[in-house]
Visitor: 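Sending over a structure as structure tokens; questions will come in a sec.
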2 protein chains.
Amino acid sequence: MGRISQLDQIKLCSGQFVLAINDTMNVIHGKWKLPIIGSLLYGKKRFKELEREISGITPRMLSKELKDLEMNGIVTRTVYDSIPVTVEYRLTRSGECFKKVLDVMVEWGLQHRKSIMV
Amino acid sequence: MGRISQLDQIKLCSGQFVLAINDTMNVIHGKWKLPIIGSLLYGKKRFKELEREISGITPRMLSKELKDLEMNGIVTRTVYDSIPVTVEYRLTRSGECFKKVLDVMVEWGLQHRKSIMV
DNA sequence: GTAACTACTATACTTTTATATACCGGTATC
DNA sequence: GATACCGGTATATAAAAGTATAGTAGTTAC
């Protein structure tokens, strides 16, 4: 019934795939990471810009989640010694690629809604 | 640079897509939902089978998460009045389709690992 | 009759995650 | 000299998620 997908092989090579899924889960884990990534998909942003765009987030959470995302190689933090200092957050190449994951999530979500409406 | 993806249109139609992503997030939210779905991808299972397969899960959590997944239209619960009663859990059509999401998660995770190793 | 299996539920507790509120040093504006 | 913007941090608290442990009602095997 068609080609073998990566997940079909999970029993052959489950360690790798479980790690891969865990990595992906780490990126989207928690209440604020997706909103942050979503906001950065359309270009670099400064701390206060993100704080204003993501309604309801506190600076504490924003700071924490940005650090998490930076450690996981999803965003980069660049400090410019302008006056006053400017701090710029942007997605890494990997972070940009995460859009693919979001795209299937949207696709599945829409299909699922339709299938429930029946 | 190629066709317009669904996420590119998020500003035009953000409400729909945010809902869709939230639906998807509900499916994978928490520590145990992915292991449960993963275990059911290879066919129907009974409660105790799942409990044995998913190492570390307590019956309380398994019961709760199965109810969540059932309510969200991801799994079905069927009771057979055999003796003793047999309860069978299996993925819905939508639940099976969720494999597509897992596939891109694996794909992205593997790529991300590679990109970090450099 | 006692031990074990099935499919759970109940209660209490710990850990994790998120919020609320206030504050810091620096600059620049009025 | 008071106020406001930037990029955060500190402390305390509340809410959510997960764990530990025990128990239920019924059935079957020894």
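Chain letters run A, B, ... following the sequence lines, proteins first, then strands; residues in each count from 1.
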Visitor: Does a side-chain N or O from B/Tyr80 land closer than 4.0 Å to OP1 or OP2 of C/dT6, or not?
Guide: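 False: B/Tyr80 side-chain N/O out of range (4.0 Å or more) of C/dT6 OP1/OP2.
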Visitor: Measure from the side chain of A/Pro59, starting at C-beta and using heavy atoms only, and say which of D/dT9, C/dA7, C/dT19 lies closest.
Guide: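 Of D/dT9, C/dA7, C/dT19, D/dT9 is nearest to the side chain of A/Pro59.
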Visitor: Can you tell me the distance, in whole Å, between the NZ atom of A/Lys64 and the C1' atom of D/dT9?
Guide: 15 Å
Visitor: When you check the gap from the basic side-chain N to the acidic O, do A/Lys33 and A/Glu65 get nearer than 4.0 Å?
Guide: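 Looking at A/Lys33 and A/Glu65, the cut-off is met.
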Visitor: Of the listed nucleotides (C/dA7, D/dG8, D/dT19), which one gets closest to any side-chain atom of B/Met61?
Guide: D/dT19
Visitor: In whole Å, I'd like the distance from the CD atom of A/Glu88 to the P atom of D/dG7.
Guide: 10 Å
Visitor: Please report the distance, rounded to the nearest Å, between CD in A/Glu65 and P in D/dG7.
Guide: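 So the CD-P distance, A/Glu65 to D/dG7, works out to 19 Å.
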Visitor: Is a salt bridge present between A/Glu49 and A/Arg52, judged by a nitrogen-to-oxygen distance below 4.0 Å?
Guide: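 Between A/Arg52 and A/Glu49 there is no salt bridge, as every charged N stays at least 4.0 Å from the carboxylate O atoms.
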Visitor: Return the nearest nucleotide to the side chain of A/Trp32; candidates are C/dT19, D/dT19, D/dG8.
Guide: C/dT19
Visitor: Counting only side-chain nitrogens and oxygens, does B/His29 get under 4.0 Å of the OP1 or OP2 atom of D/dA17?
Guide: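 Yes, because at least one side-chain N or O of B/His29 sits under 4.0 Å from OP1 or OP2 of D/dA17.
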Visitor: Output the rounded distance in Å from CD (B/Glu53) to P (C/dA7).
Guide: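 Whole-Å distance recorded here is 14 Å.
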Visitor: A/Lys33 NZ to C/dT16 C1': how many Å, rounded?
Guide: 12 Å
Visitor: Grab the CZ-C1' distance between B/Arg52 and C/dA7 for me, whole Å please.
Guide: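 That distance rounds to 12 Å.
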Visitor: Has B/Lys67 got a side-chain N or O lying under 4.0 Å from the OP1 or OP2 atom of C/dT9?
Guide: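 For B/Lys67, the contact criterion (side-chain N or O under 4.0 Å from OP1 or OP2 of C/dT9) is met.
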Visitor: Mind checking if A/Arg60 touches a base, just sugar-phosphate, or nothing, with heavy atoms under 4.0 Å?
Guide: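 Base, at least one base heavy atom under 4.0 Å.
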Visitor: For the pair made of CG in A/Leu62 and C1' in C/dT19, what is the distance, rounded to whole Å?
Guide: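 The distance from CG of A/Leu62 to C1' of C/dT19 comes to 14 Å, rounded to the nearest Å.
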Visitor: Do A/Thr86 and A/Val79 have side chains that get closer than 4.5 Å, going by heavy atoms?
Guide: no
Visitor: With heavy-atom distances below 4.5 Å as the criterion, would you say the side chains of B/Arg93 and A/Ser115 are in contact?
Guide: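 Heavy-atom side-chain distance check fails, nothing below 4.5 Å.
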Visitor: How many Å lie between CD on A/Glu51 and P on C/dA20, as a whole number?
Guide: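 It is 13 Å, rounded to the nearest whole Å.
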Visitor: Classify A/Lys31 by what it touches in the nucleic acid, base, sugar-phosphate, or nothing, heavy-atom distance under 4.0 Å.
Guide: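 Here A/Lys31 touches the backbone only, sparing every base.
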Visitor: Quick one: is C/dT9 close enough that its OP1 or OP2 comes under 4.0 Å of any side-chain N or O from B/Ser63?
Guide: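 Yes, B/Ser63 has a side-chain N/O under 4.0 Å of OP1/OP2 on C/dT9.
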Visitor: Between the side chains of B/Lys45 and B/Glu88, is the shortest nitrogen-to-carboxylate-oxygen separation below 4.0 Å, so that they form an ion pair?
Guide: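 B/Lys45 and B/Glu88: not salt-bridged.
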Visitor: Within the pair B/Arg46 and C/dA7, is there a side-chain N or O less than 4.0 Å away from OP1 or OP2?
Guide: yes
